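Reviewing the structure listed below.
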Amino acid sequence: MKNYTSIHDIDNLHSWIEDAKALKANPLKHVTLGQHKTIGLLFFNSSLRTRLSTQKAALNLGMNPIVMNVSGDAWGIEFGDGTVMNGNTAEHIKEAAAVVSQYCDIIAVRAFPTLTDKTLDESEHVINAFIKYASVPIVNMESATGHPLQGFTDAITISEFAKKAKPKVVLSWAPHVKALPHAVANSFVQAMQKMDVEFVITNPEGYNLNPEITGNTPITHNQEETFKNADFVYVKNWSSYSDYGKILNTDPNWMITKAKLGDAKFMHCLPVRRNVIVEDAVLDSDSSIVIQQANNRTYAAQLVLKKILERSPS
Amino acid sequence: MKNYTSIHDIDNLHSWIEDAKALKANPLKHVTLGQHKTIGLLFFNSSLRTRLSTQKAALNLGMNPIVMNVSGDAWGIEFGDGTVMNGNTAEHIKEAAAVVSQYCDIIAVRAFPTLTDKTLDESEHVINAFIKYASVPIVNMESATGHPLQGFTDAITISEFAKKAKPKVVLSWAPHVKALPHAVANSFVQAMQKMDVEFVITNPEGYNLNPEITGNTPITHNQEETFKNADFVYVKNWSSYSDYGKILNTDPNWMITKAKLGDAKFMHCLPVRRNVIVEDAVLDSDSSIVIQQANNRTYAAQLVLKKILERSPS
Amino acid sequence: MKNYTSIHDIDNLHSWIEDAKALKANPLKHVTLGQHKTIGLLFFNSSLRTRLSTQKAALNLGMNPIVMNVSGDAWGIEFGDGTVMNGNTAEHIKEAAAVVSQYCDIIAVRAFPTLTDKTLDESEHVINAFIKYASVPIVNMESATGHPLQGFTDAITISEFAKKAKPKVVLSWAPHVKALPHAVANSFVQAMQKMDVEFVITNPEGYNLNPEITGNTPITHNQEETFKNADFVYVKNWSSYSDYGKILNTDPNWMITKAKLGDAKFMHCLPVRRNVIVEDAVLDSDSSIVIQQANNRTYAAQLVLKKILERSPS
């Protein structure tokens, strides 16, 4: 593996999960592996968990993290081919990616979608430009259509908390006040499709995710019915995919309640808006495993970085 | 000591001062104590000295500092209980504090008061929410009502420069163009009340600090009279406490001058507005010990972190 | 050398170039030299290459970099003497520089010119105030009139790519949409004047650089003619010096094309606006050595820091 940009970069999810658990049991075992190596964390968008957990993961491997908020610390980056750059962008990704590659052994990038230009977003033009023009490995810290560090984290967490061989996992849409990306949901779907789970998605009409990603995964529009016998309910808002980036529904009946949840464990990537996505009673109970889930972000990132470091010639 | 959030967390100020002086004499003596441990510095507000000196203190103990400007790097944090989060805040402190605790062995927080809502400010809702919801020690890098790293620094500095057994120390209000918090003044008062000094506060009428903090400390409204025979004059602006957060007085006669100061040493937490709080002639003379005072910020923070690291199970 | 603020601080350019090449061949040779030492990188302006490469250089020497965006992370700094600070600045450079000196073993500063007040800019009031009031060495990460880390980088790069004893080097102005500083051009001129090269500057009328800097270096206004037989064409936009800070010319005929360039190598400090300063065909060809040039930023900075560390008493 050179780059980690999608759940599909995981060759064997089961073995990766076991490796991540081993790192969690002994986080400093490989603390010399990344010595004198630098990871550049480039944020085109805000971040809390990813910012901190990826730095922590790098430190656990002995790496030096260098963090940059691209727009605030530097300037606008141009991604278009052949652009006459007489506008607001001051540096082309061709130079930026090649230059950062001179200073960092790994580049990790966060860049959200526009949610207005579906074609552009689906082209993953930011992360793909880094892959094309950088000379070092690229890690996706959430791109337009995927958040594979989160998806891998979610798989680890379900593996840790599962009490039966083939648990039932539901991905449920929930309402939100802003139009949100599909990235977390997409990567979760892809991770679950690789796991030995009974997996169902439930969302309102008009909110089906990209059918190329959901594939054969069943999709229902009846949330309560779908939650029956669920072992894990993974909750996330996303904007419409078919009516791209639009908010079609804010029905509070889709909010997750303790009553609906039953005995299932509640999962969410965070940040989560309380009493909009989910009621306090869920988050404040033992049904919620969102903090344990967030903790696994470190070990997911650490395994990805470890695999990249082990591969890359010194 | 688990958390350091107030001068009252210092069990023995005299012994802490001696310990801090020992660290200053040999800053790297404990450079392996914090090895592979991480401190998260979370800033809800601007900072220069605290930002740099706390990082330096952590590095002297071998810790890895991770710095985050909460609003700029992440998003608005919600502190209300039971809030329906459909507004500007995207993550509740319950999750944020618990999550950051997964990545950091110590969390240090700066969060200024509103200066409009006295009840909210005095509840110390930000720092107390971190204490309540984080699972790791919390260090106060200036909260609504206290700046105990500064207050401890000030005590160290007075101890270093004192030429007699029981020096006279005056805390004087001085004019400023903006409404400023009471935190620095409060912590200085609390520190002096624990020291063997003759301590007096002088401020214009309407500017008495919280009587629960000043207690039996004498307060005068005659600055020049009070400065007589002073060994140390500690200067700070604060807004009115009784007419909460208001500017009632900008009388330039309260500005500190060389003539008024006499043989006393001038102290200030910085940043200081020249020729508003104090005239150039003071800052540019040997009477000012503000730079030596700022230097002690490192060793105050380093002792606090050392005590927390020594206590916390590995 | 205490401070590195100008190309004139290089006592022997030839030997510095050889030393930098040696560092590039073995970047970690001196990884314990800066152990437990801290460099503060203070940015009054945006930065990408300088931000990352200077951190990388410091890490290669074992130093701890602490990065601060002065305005965003702290507040406005006052540079005027005797100012009554009742406006937008909250801390005077006298305190700021002295205080940061307590926490950092070296201070590196970036501060661009106003481009409106020539006298102020030429006084280099920011970098000189740091030199005056700091007690530790100062490194110029681009000031009002010079960018000596870049100029030294450029000399290293030309030395690496030169195929003849005395190559012909042309510094060419190119059009840009914004009024840009003279710093990069000035330091390049000063570096070339110390090298064994045939050096010519070409720019439109009204765009001659400061004659005190260009000195005896020939200046032409005929770009194509000047490019003949050039081995290196170094390109940069700058605003007018005589009509200070103004844009007098945006003639696209001054844009660098593959046809004009011939067999010369193309150099630029980056960021570069494609198809405004230079056409894609140049940057996307082997004629461009801008990425290799950017790589040398690390070793230029590393040598400067190494020389400062070796000089300064521990």
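Note that the structure is predicted; figures quoted are calculated from it, not measured. Below, chain A is the first sequence line, B the second, and so on; all start at residue 1.
The two residues Ala90(B) and Pro271(A) make their nearest non-hydrogen contact at O-CB, 3.3 Å. For the pair Gly72(B) and Ser46(A), the tightest heavy-atom approach, listed with the atom from each and the gap, is O-OG, 4.3 Å. The two residues Asp284(A) and Lys94(B) have their closest heavy-atom pair at OD2-NZ, 3.0 Å. Of all heavy-atom pairs between Ala74(B) and Leu48(A), the closest is CB-CB, 4.0 Å. Contact detail for Val276(A) and Asn86(B): the closest heavy-atom pair is CG2-N, 3.8 Å. Minimum interatomic distance between Thr83(B) and Asn275(A) (heavy atoms only, all atoms of both residues): O-ND2, 2.8 Å.
Chosen from Val177(A), Leu52(A), Val31(A), the residue pairing most often with chain B at heavy-atom distances under 4.5 Å is Leu52(A). Among the candidates Asn45(A), Leu283(A), Val67(A), Ile277(A), the residue making the largest number of heavy-atom pairs closer than 4.5 Å to chain B is Leu283(A). Note: Arg49(A) leads Gln55(A), Arg49(A), Lys56(A) in heavy-atom pairs under 4.5 Å with chain B.
More than 12 non-hydrogen atoms from other residues, nucleotides or ligands lie less than 6.0 angstrom from NZ of Lys2(B). Taking a 6.0 Å sphere around CG of Asn26(B), one finds it holds more than 12 heavy atoms contributed by other residues, nucleotides or ligands. In the displayed structure, Asp11(B) atom CG is contacted under 6.0 Å by more than 12 heavy atoms of other residues, nucleotides or ligands.
How far OH of Tyr103(B) is from CG of Asn60(A): 12.0 Å, rounded to the nearest 0.5 Å. To the nearest 0.5 Å, atom CG of residue Asp280(A) and atom CG of residue Asp81(B) are 7.5 Å apart.
Between Glu78(B) and Arg273(A) there is no salt bridge, since no side-chain nitrogen of the basic residue lies less than 4.0 Å from a carboxylate oxygen of the acidic one.
Within residues 294-304 of chain A, the residues that have a heavy atom under 4.5 Å from a heavy atom of chain B are Ala294(A), Asn295(A), Arg297(A), Thr298(A), listed by number.
Contacts of Ile291(A) with chain B are made by both backbone and side-chain atoms, with heavy-atom separations under 4.5 Å. Proximity to chain A (any heavy atom under 4.5 Å) is shown, for Ser101(B), by neither the backbone nor the side chain.
Note on residues 63-77 of chain A: pairs passing side chain to side chain donor-acceptor pair (under 3.5 Å), not counting sequence neighbours, are Arg51(A)-Asn69(A), Asn69(A)-Asp73(B), Asp73(A)-Asn69(C), Trp75(A)-Glu91(A).
Put simply, the side chain of Arg274(A) reaches to within 4.5 Å of the side chain of Glu95(B), judged on heavy atoms.
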